[in-house]
Amino acid sequence: MKWLTGFVRFLMGIAIALVQTFLSSFMLTPVEGAYFGRMNGMISPVFTGSLLIGSSVSGMFLNATFLFVIYVTVGFIFLIAAFFSFNIQSIKER
């Protein structure tokens, strides 16, 4: 089972890198060229800090509840994020 855990963690590392690249390019699209460095300098630490905070909170949450509760909570957060991303798309189209 250790190989499965290692493989999933490897895939998650790749997925996080892809998501961070996608979000960075999405956030840099409306920014002028002169401000790219400043935006990247701000975005990278925020993503790294959010990842660390999310990992520590999820560990404490797992110790306090059951795994099923965590899956439901993550699904709910995902739906909220999807709702906001659809709103961003509709604002861009206007």
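Note that the structure is predicted; figures quoted are calculated from it, not measured.
Distance CG/Leu51 to OG/Ser56: 10.0 Å, rounded to 0.5 Å.
Take Val57 and apply the side chain to side chain contact (heavy atoms under 4.5 Å, CB included) test, not counting sequence neighbours, and it matches Ile53, Met60. Taking Thr65 as the reference, Phe61, Val69, Ile70 meet the side chain to side chain contact (heavy atoms under 4.5 Å, CB included) condition, with sequence neighbours excluded.
Screening Val74, Thr73, Leu79 for a side-chain contact (heavy atoms from CB on, under 4.5 Å) involving Ile77 leaves a single residue, Thr73.
In the hydrophobic clustering of this structure, Val46 does not group with Ile43; members are Ile, Leu, Val, Met, Phe, Trp, Tyr whose side-chain heavy atoms approach within less than 4.5 Å, directly or through other members.
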